[in-house]
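Each remark here refers to the structure printed beneath this line.
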2 protein chains.
Amino acid sequence: MKEIIDMIRINRYLSEFGLEEVFPEPLRQHMILYRFEPDETLILQGEESQILFLLVQGKVKVYTTSIEGKTLLINFTTPLGLIGEIECLKGWENLNTVTAVSAVETIGIHKRWLSQYREEAPFLRFLLDMVTHKFYLKSISLSFNLLYPVEVRLASYLLSISSEDQNEIQASVSVSKLKDTANLIGTSYRHMNRVLQSFCSAGFVVRRSGTLVVKDRQGLITVAGRNIYESAEGREHL
Amino acid sequence: MKEIIDMIRINRYLSEFGLEEVFPEPLRQHMILYRFEPDETLILQGEESQILFLLVQGKVKVYTTSIEGKTLLINFTTPLGLIGEIECLKGWENLNTVTAVSAVETIGIHKRWLSQYREEAPFLRFLLDMVTHKFYLKSISLSFNLLYPVEVRLASYLLSISSEDQNEIQASVSVSKLKDTANLIGTSYRHMNRVLQSFCSAGFVVRRSGTLVVKDRQGLITVAGRNIYESAEGREHL
DNA sequence: ATAGATTGAGGACATATGTCCTTGCCCTAA
DNA sequence: TTAGGGCAAGGACATATGTCCTCAATCTAT
């Protein structure tokens, strides 16, 4: 990564993409042009980005890696693209790694200069907040569904809906809601039943008269690995 | 769906969720409280929504249905949640259907009242635009990956990267990029090869010296059904 | 040119998941 | 009480997909 101090180039890029009106003068003062060579990393999964990148030249590859080392290619982004904005706006850790495929140039804006917008246009700000939040959750959902088998997704889901009820009253799910569960984790009811059966044999859950009761959270955690649904939000109880 | 004209209730909801500051007075004038009974539809897949809903009471179910009739439950949303904002802001057709699970109350804002924000805070507006766009594409990607087998996804992908080259120069993909392709559609290279082999036998594509050439777009269309990647954007050529 | 190294295609097998159907249970209506 | 009707659970089988391995082609260094 190389920083390039060249306001002229930045302004040229901005006009190339018709963004002159988008960035007010005070914000432009803080823009920095970055150059990345092929294979260089712009954003690293698991870290917290400080800089929001506007891709103006070249092509980057966005992918995520599971704990087990499996990778999932999310997409290729080309100009005009925004990179790392979701995590940056939220201050949450990066879900994906982004590396340059070709030589790449981006305009970077440090997140500290974004915060001033917290006050301005509260309604737009609210929309942006909600949408980035949903985006983050959907990203997790996408990778999770594609990278893990039903067994893991189901264990993880059961954990997420039983977490609130502590040791005392173990969480239970009624049958009609089990059908929704199957649908939510993207599998057939039949197959979910099969997996549920194995959970029963293992003593993780008990099935009785149309209800499912979680008995052994620890056991489920073993199956789910550390891939718990990050947040119950957007994944509400059925 | 029942419209309730009750500014007091609306204001009470807004204060319940700490949104007094978020909605300026002129916008509040246009807010309408809606009530939905269980199983009523708030948003219908394929249509174009005119109203953005703020879920303030009850629970809704968000799901998508494929052309073949398979459904995929996206999530359950509870207050405070935003519904239909992505499509509404973009003016694009709804990707999902939203129905009430319990009795539901929402605050609705017609999209025409949002347009005035086009001028205000251009930078925030730009961010919101980019993020909603990415969200829309990711939603498609999620449903598509979960609802269709590799055969369909691959056919669809090959179509999306060969569409520009018309009859003349048929699109071709080099091998290194084929590996990325497998990764992008979320399968193993081995399995993609298997499917590719069947495409070869069918005469849809030809493989020679490490490249793949699309020969019969129409044939691929048959396999892909009408499930073409909506837009090449965000799904750039490998 | 030749040996070793690298890489892509594909075979063989295991596993994950879907579809269809059967069985038995519970509920309701006469 | 009894005959259906509906529905949940699970068996049997088919299909989709993943993993591991082998073989051959290509490349590279000497």
Side-chain angles (χ1 to χ4, degrees), chain A residues 65-73 143-157 172-202 204-213 223-225 227 238, chain B residues 65-73 143-157 172-202 204-213 223-225 227 238:
Chain A
T65 307
S66 71
I67 298 159
E68 297 77 16
K70 287 211 291 185
T71 70
L72 176 69
L73 186 44
S143 328
F144 194 61
N145 276 296
L146 257 51
L147 287 171
Y148 296 96
V150 170
E151 183 179 42
V152 175
R153 310 210 292 271
L154 183 58
S156 182
Y157 181 75
S172 67
V173 192
S174 79
V175 173
S176 74
K177 296 176 179 180
L178 271 180
K179 297 219 160 158
D180 280 340
T181 299
N183 213 267
L184 188 58
I185 65 178
T187 190
S188 62
Y189 180 62
R190 176 66 191 93
H191 186 59
M192 192 196 55
N193 259 333
R194 198 155 21 209
V195 175
L196 235 26
Q197 226 175 346
S198 82
F199 285 177
C200 282
S201 320
F204 302 156
V205 301
V206 169
R207 210 164 186 169
R208 57 176 176 231
S209 63
T211 4
L212 190 77
V213 182
V223 174
N227 313 295
L238 292 183
Chain B
T65 307
S66 70
I67 297 159
E68 297 76 17
K70 286 210 291 184
T71 69
L72 177 68
L73 186 44
S143 328
F144 193 59
N145 276 296
L146 256 52
L147 287 171
Y148 296 96
V150 170
E151 184 180 39
V152 175
R153 309 209 294 271
L154 182 57
S156 180
Y157 181 75
S172 66
V173 192
S174 79
V175 173
S176 74
K177 296 175 180 180
L178 272 180
K179 296 218 160 161
D180 279 339
T181 299
N183 213 269
L184 189 59
I185 65 179
T187 191
S188 62
Y189 180 63
R190 176 66 189 90
H191 187 58
M192 191 196 56
N193 259 332
R194 197 152 26 207
V195 175
L196 236 26
Q197 225 176 346
S198 82
F199 286 178
C200 282
S201 321
F204 301 156
V205 301
V206 170
R207 207 163 185 169
R208 57 175 176 233
S209 62
T211 6
L212 189 77
V213 182
V223 175
N227 313 293
L238 292 184

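When reading the values below, keep in mind they use all heavy atoms of this one structure, side chains included, and skip hydrogens, waters and symmetry mates. Chain letters run A, B, ... following the sequence lines, proteins first, then strands; residues in each count from 1.
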Could I get the full list of side chain to side chain donor-acceptor pair (under 3.5 Å) partners for [X], not counting sequence neighbours?
X	value
A:T65	none
A:T71	B:N183
A:R190	none

Measure the distance from [atom1] on [X] to [atom2] on [N] and round it to the nearest whole Å.
X	N	atom1	atom2	answer
A:F199	D:dG10	CZ	C1'	17 Å
A:L196	D:dA8	CG	C1'	12 Å
B:N193	C:dG11	CG	P	10 Å
A:Y189	D:dG10	OH	C1'	10 Å
B:K177	C:dT7	NZ	C1'	18 Å

With distance as the sole test, does B:R153 use its side chain to make a donor-acceptor pair with the main-chain N or O of B:F144 at under 3.5 Å?
-> no

Check step by step if side-chain contact (heavy atoms from CB on, under 4.5 Å) holds for A:T187 and A:R194.
-> CA-CA 11 Å; A:T187 190; A:R194 198 155 21 209; over 6 Å; no

Reading 5' to 3' through nucleotides 15-28 of chain D, protein heavy-atom contacts under 4.0 Å coded B for base, S for sugar-phosphate only, - for none = --BBBB--------

Not counting sequence neighbours, which residues clear side chain to side chain contact (heavy atoms under 4.5 Å, CB included) with B:K70? List them please.
-> B:S66, B:L147

